[in-house]
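Counting begins at 1 with the first residue of the sequence.
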Amino acid sequence: MGATYVTVRITNPADPERHWEDLFLVDTGATDTLVPRTHLEAIGLRPKGQRTYQLADGSDLVMDVTTADIGFMGEHVGGTVLFGEPGAEPLLGVTALESVGIEVDPLNQQLKRLPAVQLKTVA
């Protein structure tokens with residue numbers, strides 16, 4: 001299976017003129033979006049807290065997190081963004097994808113829009 005990439009813009013919600021855009025690896029195994037710390041700091045974002053994440057090898061890693069506006073494929077969503085190490089590959093997590101109704105087509109490794117965002121009703 002090949003990798004899927006998409007252009008993503010991370011914007012500081014308190015100052016929308018400050019943003020960073022690059023090609024992100026779509027990672028359906030990751031919950032949240034990861035951006036190298038240097039780029040987040042350059043647009044004025046600071047950690048709002050820390051969260052423990054489990055890596056593929058089963059080990060835990062405590063990471064700084066913040067919130068930002070995440071834009072891709074003409075869609076925009078507010079989401080959790082992790083402060084990655086300098087030089088880390090930017091990752092677009094599944095939460096941002098699902099929030100705007102986009103999924104990865106596993107057959108051709110392309111992103112596709114769902115006819116509608118899924119919503120479950122509460123009885």
Of V65, V81, T67, the one forming a side-chain contact (heavy atoms from CB on, under 4.5 Å) with K48 is T67
query = If you group Ile, Leu, Val, Met, Phe, Trp and Tyr by side-chain heavy-atom gaps below 4.5 Å, do V100 and V35 land in one group?
reply = yes
Of L82, L91, I70, the one forming a side-chain contact (heavy atoms from CB on, under 4.5 Å) with T33 is I70
In this structure, CZ of F72 is separated from CD1 of I10 (nearest 0.5 Å) by 9.5 Å
Quiz prompt | Presence of salt bridge, D64 and R37, under 4.0 angstrom | solution = yes
| task | Determine yes or no for a side-chain-to-main-chain donor-acceptor pair under 3.5 angstrom, with S99 supplying the side chain and T95 the backbone. | result | yes
Separation between CE (M63) and CZ (F83), nearest 0.5 Å, reads 10.0 Å
inquiry  = For Q110 and D105, which I'm curious about, is there any donor-acceptor pair between the side chains at under 3.5 Å?
reply    = no
*In terms of side-chain geometry, is the basic nitrogen of D32 or R51 positioned less than 4.0 Å from the acidic oxygen of its partner?*
yes
Considering only heavy atoms from C-beta outward, does the side chain of P13 approach that of L45 to under 4.5 Å? yes
Rounding to 0.5 Å, atoms OG1 (T11) and CD (E21) come to a distance of 8.5 Å
Going by an N to O cut-off under 4.0 Å, is there a salt bridge joining E103 and R113?
-> no
Heavy-atom side-chain contact between F24 and L34 under 4.5 Å:
no
Value for CG (L111) from CD (E75), rounded to nearest 0.5 Å, stands at 11.5 Å
Rounding to 0.5 Å, atoms CD (E17) and CG (N12) come to a distance of 11.0 Å
Partner of Y5 under side-chain contact (heavy atoms from CB on, under 4.5 Å), picked from D22, L25, L92, is L25
d(L97 CG, K112 NZ) to nearest 0.5 Å is 13.0 Å
Note to self: Between Q50 and V62, is there a side-chain heavy-atom distance shorter than 4.5 Å?
What the structure shows: yes
